[in-house]
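These numbers come from the heavy atoms of this one structure, side chains and all, not from hydrogens, waters or symmetry mates. Each residue takes its place number in the sequence, starting with 1.
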Amino acid sequence: MARGKLRIYLGAAPGVGKTYAMLSEAHRRVERGTDCVVAFVEHHRRPRTEVMLHGLEQMPRKEIEYRDSVFTEMDVDAVLARRPQVALVDELAHTNIPGCRNAKRWQDVEELLAAGIDVISTVNIQHLESLGDVVESITGVRQQETVPDEVVRRADQIELVDMSPEALRRRMAHGNIYKPDKVDAALSNYFRPGNLTALRELALLWVADRVDAYLTEYRSEHRVSTIWGSRERIVVGLTGGPEGRTLIRRAARLAEKGAGGEVLAVYISRSDGLTSASPKELAVQRTLVEDLGGTFHHVVGDDIPAALLDFARGVNATQIVLGVSRRKAWQYVFGPGVGATVARDSGPDLDVHLITHDEVGKGRGLPVAARGARLGRARLIWGWLAGIAGPLLLTWLLSSVLPQVGLANDMLLFLTMTVAAALLGGLFPALTSAVVGSALLNWYFTPPVHTWTIADPKNIVAIAVFFGVAVSVASVVDLAARRTHQAARLRAESEILSFLAGNVLRGETTLEALLDRVRETFSMESAALLERENDVAPWTCAGSAGPRPCTTPDAADVDVPVGDHLTLALSGRVLPAEDRRVLAAFAAQAAVVLDRQRLQQKADEAKALAEGNRIRTALLAAVSHDLRTPLAGIKAAVTSLRSDDVEWSEADQGEFLAAIEEGADRLDHLVGNLLDMSRLQTGTVTPIIRETDLDEVIPMALGGVPEDSVDLDIPETLPMVDVDRGLLERSVANVVENAVKYSPPGEPVLVSASAIADRVEVRVVDRGPGVPDEAKSRIFEPFQRYGDSPRGAGVGLGLAVARGFAEAIGGTLNAEDTPGGGLTMVLTLPTAPQRRPEEPDRASVVGT
């Protein structure tokens with residue numbers, strides 16, 4: 001029996017319309033005469049979904065009793081007995097009630113498919129098993145019901161059901177998804193715009209990967225070797241020369257002309273490690289292509305045109321961008337060049353662009369044959385000793401100690417000596433050993449002995465074969481030894497360059513640490529980065545490592561210029577030429593680190609000056625008005641009470657005293673906020689972190705607001721939090737006072753708390769005028785008031801102090817829109833870890 005086909009509607013989030021789309025497809029199939037039944041669809045009391053069930057045959061559900069309750073599940077046996085052509089099964093990741101035949105609904109679906117029944121099902125992206133950790137990190141909720149990715153990937157059709165976060169939140173606010181009493185909580189937690197955007201991106205990326213897999217599978221099955229231009233993929237061939245930047249920018253412009261264009265820059269190096277590319281230039285080009293949204297690739301290949309075409313066809317590229325050759329006219333006698341070869345062999349499905357640039361025809365060195373790695377002076381000496389003294393010593397032993405071993409054995413022993421010379425000293429000592437060995441074999445061991453003549457022609461052939469074999473073996477052994485040494489060297493270079501690249505990305509290495517790394521890598525005595533302002537100015541040391549660093553490039557054993565007025569100088573020994581390539585990369589990185597340090601220093605200085613000026617200006621403005629106003633009121637009330645000209649009644653005196661008390665309270669509040677902000681600015685806040693129950697702290701923070709202005713919802717089941725109780729109380733008090741200030745009359749502020757993953761969120765919700773998105777970050781800055789009003793209570797420090805205290809205790813404070821209008825302040829606090837009973841509370845001192 002043929003297996004049924006599976007079609008899945010994949011949703012980016014709950015409520016996007018997966019079930020509605022599935023039911024719409026069922027109605028279309030029924031109209032075409034297809035036998036289609038509803039095996040299990042849950043409408044969740046959504047009116048529009050419930051209406052779509054009308055007109056479709058619904059299979060009866062199976063009732064199962066579990067823990068004194070009755071639940072309904074899909075009746076797999078009934079569906080198998082009915083044997084429809086198509087069965088609708090909602091919520092593929094659903095977990096069945098204990099007592100069912102299968103633990104998961106997707107296993108029920110597998111039974112239907114095995115019976116030849118086509119199935120249409122639904123699943124949300126957050127229910128895929130492989131995305132569980134990612135979804136939890138985004139939403140703070142661990143999905144308990146999951147489905148293996150392979151089950152979804154095996155589906156014959158996957159259709160994405162998508163909706164923008166704004167439209168989905170509108171559907172939620174209109175009550176089309178959840179009941180009205182759950183809307184606010186859902187919009188404030190799982191259905192935040194950031195959560196929905198991240199889930200939507202996950203769904204789009206997952207489906208895009210599946211589409212690519214479908215395309216690759218189809219091309220493989222149908223043996224399609226030609227390039228399909230399903231999207232513009234432009235490969236840029238780089239040589240490491242300065243023209244690479246022009247090519248990358250031109251390729252980026254070409255990619256922008258097509259939808260979904262992609263740029264892939266590739267640099268091809270020879271397998272022997274030889275390259276004329278500048279590491280600094282390649283690093284610049286890598287950064288440029290990544291800044292333009294492309295990717296950088298490093299490919300090894302001796303045949304550069306073939307490697308470039310293989311790479312382009314492997315990534316299904318549609319275009320190749322190359323620069324016009326930099327070679328001079330006479331150099332074309334060595335071949336047509338990379339550009340011409342690639343254009344000739346690209347075929348009709350791959351376009352090749354040859355881009356002109358400023359370096360055309362200025363000349364470029366041709367690749368030269370590898371000269372091998374240096375074997376070292378000691379090895380060369382031992383090689384020459386084995387090549388010259390070895391055959392002489394072997395001749396004496398064979399003549400006096402072992403005179404009767406035979407000519408064949410004599411030749412094998414001399415051949416062994418030649419191989420030993422090759423292993424120790426390389427090719428030339430081995431060739432010398434072969435020549436000396438052949439002469440000694442002829443003189444001492446080939447009849448007639450002690451003459452240069454050879455009586456038996458067979459011996460002539462034997463000696464000739466010996467010489468040829470000795471030369472061949474020596475060449476192979478020498479080449480293998482040099483290649484092994486070269487591979488080890490290149491591996492060491494790659495490790496060093498990888499270290500540099502990692503530091504560039506992370507920005508971790510200081511200049512002194514980098515110079516110390518240079519000194520250790522090349523076994524130098526000292527390393528220094530020298531600079532000067534112009535060509536005639538004296539050299540100064542920007543940074544150094546090791547004793548007695550060089551003060552001028554002339555005093556260094558090795559110097560590598562970096563630009564016109566910067567040089568890396570090393571002392572200790574003279575480096576070979578092959579070491580300078582890696583040293584140049586270190587020098588370029590040292591210049592980058594120096595620039596970064598100076599820019600960071602200037603930025604910090606400018607930021608400190610600007611912040612200081614801003615705070616001083618704002619403080620003067622605050623003192624000039626907000627502090628003088630209550631002082632003036634207090635002074636006027638006191639002056640009136642002390643006046644002897646007027647006889648004040650008890651009611652008037654009470655009003656004066658109330659005004660004095662109100663002004664004093666206002667002054668106390670303002671001065672307290674100023675002092676708190678001063679402590680935060682100077683880093684002298686000292687939090688005492690300990691386990692705390694929120695229901696012990698938050699009610700105490702509401703003492704400064706009217707009694708009926710706040711609704712409190714703090715569940716007793718909340719976990720403990722690790723905070724400083726005093727700082728938390730001050731932070732919550734400032735936030736609540738701000739919310740009450742802007743809430744309309746008769747609309748109490750809601751203070752609620754909930755646990756999400758490893759944190760607890762305290763939400764202060766008001767129904768006031770709200771704050772625009774572009775101003776949400778500014779309201780937490782010192783001396784900011786709503787609408788920049790020049791008058792009113794406070795100097796604009798309440799929220800700044802609240803955020804500062806929240807961060808001091810390891811939390812965060814952010815602003816969000818309240819669904820339906822208003823502002824919600826979200827205070828996130830870390831939960832207390834599970835400790836042993838004997839483990840004490842921890843205290844963390846931040847400042848003194």
Side-chain angles (χ1 to χ4, degrees), residues 1-11 14 17-46 49-124 126-129 143-159 161:
M1 183 180 298
R3 178 181 172 86
K5 294 184 178 180
L6 175 62
R7 178 171 183 170
I8 293 179
Y9 285 91
L10 178 66
K18 305 180 303 301
T19 306
Y20 190 93
M22 178 179 66
L23 295 174
S24 299
E25 175 65 19
H27 280 286
R28 287 192 292 269
R29 297 200 181 196
V30 169
E31 292 175 359
R32 296 196 299 264
T34 304
D35 182 13
C36 183
V37 301
V38 176
F40 189 97
V41 170
E42 187 63 61
H43 55 74
H44 298 290
R45 297 184 179 180
R46 297 170 186 170
T49 305
E50 190 173 2
V51 168
M52 292 298 294
L53 286 169
H54 297 165
L56 298 176
E57 179 185 351
Q58 300 186 46
M59 297 296 299
R61 299 185 181 184
K62 184 178 181 180
E63 294 185 352
I64 299 176
E65 185 176 352
Y66 179 69
R67 292 184 178 178
D68 299 330
S69 298
V70 178
F71 300 89
T72 60
E73 294 287 358
M74 181 176 65
D75 193 338
V76 180
D77 293 328
V79 178
L80 292 175
R82 171 65 173 75
R83 294 197 59 79
Q85 290 179 275
V86 179
L88 306 184
V89 182
D90 203 8
E91 299 178 358
L92 187 64
H94 171 74
T95 301
N96 292 330
I97 295 297
C100 294
R101 182 162 61 215
N102 297 311
K104 293 286 189 176
R105 184 166 293 164
W106 64 265
Q107 295 171 331
D108 296 337
V109 170
E110 287 293 322
E111 285 196 38
L112 300 182
L113 294 173
I117 301 174
D118 294 344
V119 176
I120 303 178
S121 187
T122 64
V123 70
N124 283 327
Q126 70 264 24
H127 293 300
L128 294 182
E129 180 66 40
Q143 297 295 330
Q144 301 300 324
E145 295 186 332
T146 59
V147 58
D149 288 46
E150 186 59 28
V151 174
V152 182
R153 289 184 181 276
R154 286 201 308 264
D156 299 275
Q157 296 182 57
I158 299 176
E159 184 170 337
V161 183

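A side-chain donor-acceptor contact under 3.5 Å links Q85 to the backbone of D35. A donor-acceptor pair under 3.5 Å is absent between the side-chain atoms of D108 and the main chain of V76, judged by distance alone. Looking at E42, its side chain never comes within 3.5 Å of a backbone N or O of D90 through a donor-acceptor pair. Remark: the backbone N or O of K5 is paired with a side-chain donor or acceptor of D118 at under 3.5 angstrom. Checking side-chain atoms of H43 against main-chain N and O of T49 turns up no donor-acceptor pair under 3.5 Å. Between the side chain of D156 and the main chain of L6, a donor-acceptor pair closer than 3.5 Å is present.
Residues I117 and L80 form a side-chain contact, since some pair of their non-hydrogen atoms from C-beta on lies under 4.5 Å apart. Two residues are said to be in side-chain contact when any heavy atoms from C-beta on lie closer than 4.5 Å; R3 and E110 meet this criterion. Two residues are said to be in side-chain contact when any heavy atoms from C-beta on lie closer than 4.5 Å; L56 and H27 meet this criterion. Using a 4.5 Å heavy-atom threshold, the side chains of D75 and P60 count as separate.
Distance CE/M22 to OG1/T122: 5.0 Å, rounded to 0.5 Å. The SG atom of C100 sits 11.0 Å away from the CZ atom of F71 when rounded to the nearest 0.5 Å. Remark: Y66 OH to N96 CG distance equals 12.5 Å, nearest 0.5 Å. Note: R7 CZ to E159 CD = 5.0 Å, rounded to the nearest 0.5 Å. If you take CD on E63 and OG1 on T72, they are separated by 7.5 Å, rounding to the nearest 0.5 Å. In this structure, L23 CG and I120 CD1 are separated by 9.5 Å, a value rounded to the nearest 0.5 Å.
For the residue pair F40 and M74, the shortest heavy atom distance occurs at CD1-N, 3.7 Å. Residues S121 and V89 approach most closely at OG-O, 2.7 Å, considering heavy atoms. Summarising the geometry of E91 relative to R105, their closest heavy-atom pair is O-CD, 3.4 Å, with the distance given to 0.1 Å. The shortest heavy-atom contact between A93 and H127 is CB-CB, 3.8 Å. What you find for I64 and P98 is that their closest heavy atoms are CG2-O, 3.9 Å.
Within a 6.0 Å sphere centred on CZ of R67, heavy atoms belonging to other residues, nucleotides or ligands number 12 at most.
Annotation: side-chain hydrogen bond (donor to acceptor under 3.5 Å, both in side chains) contacts of N124 (sequence neighbours excluded): K18. Looking at residues two or more places apart in sequence or on another chain, you find a side-chain hydrogen bond (donor to acceptor under 3.5 Å, both in side chains) between K104 and T95.
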Quiz item: Stepwise, does the side chain to side chain contact (heavy atoms under 4.5 Å, CB included) test hold for V37 with V86?
Solution: CA-CA 6 Å; V37 301; V86 179; over 6 Å; no
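Using a 4.0 Å cut-off between a side-chain N of Lys or Arg and a carboxylate O of Asp or Glu, R28 and E25 qualify as a salt bridge.
Across R83, K62, R101, a single residue satisfies salt bridge (charged side-chain N to carboxylate O under 4.0 Å, His left out) together with D77, and that is R101.
Using modelled atom types and a 3.5 Å distance limit, the side chains of E73 and H94 yield a donor-acceptor pair.
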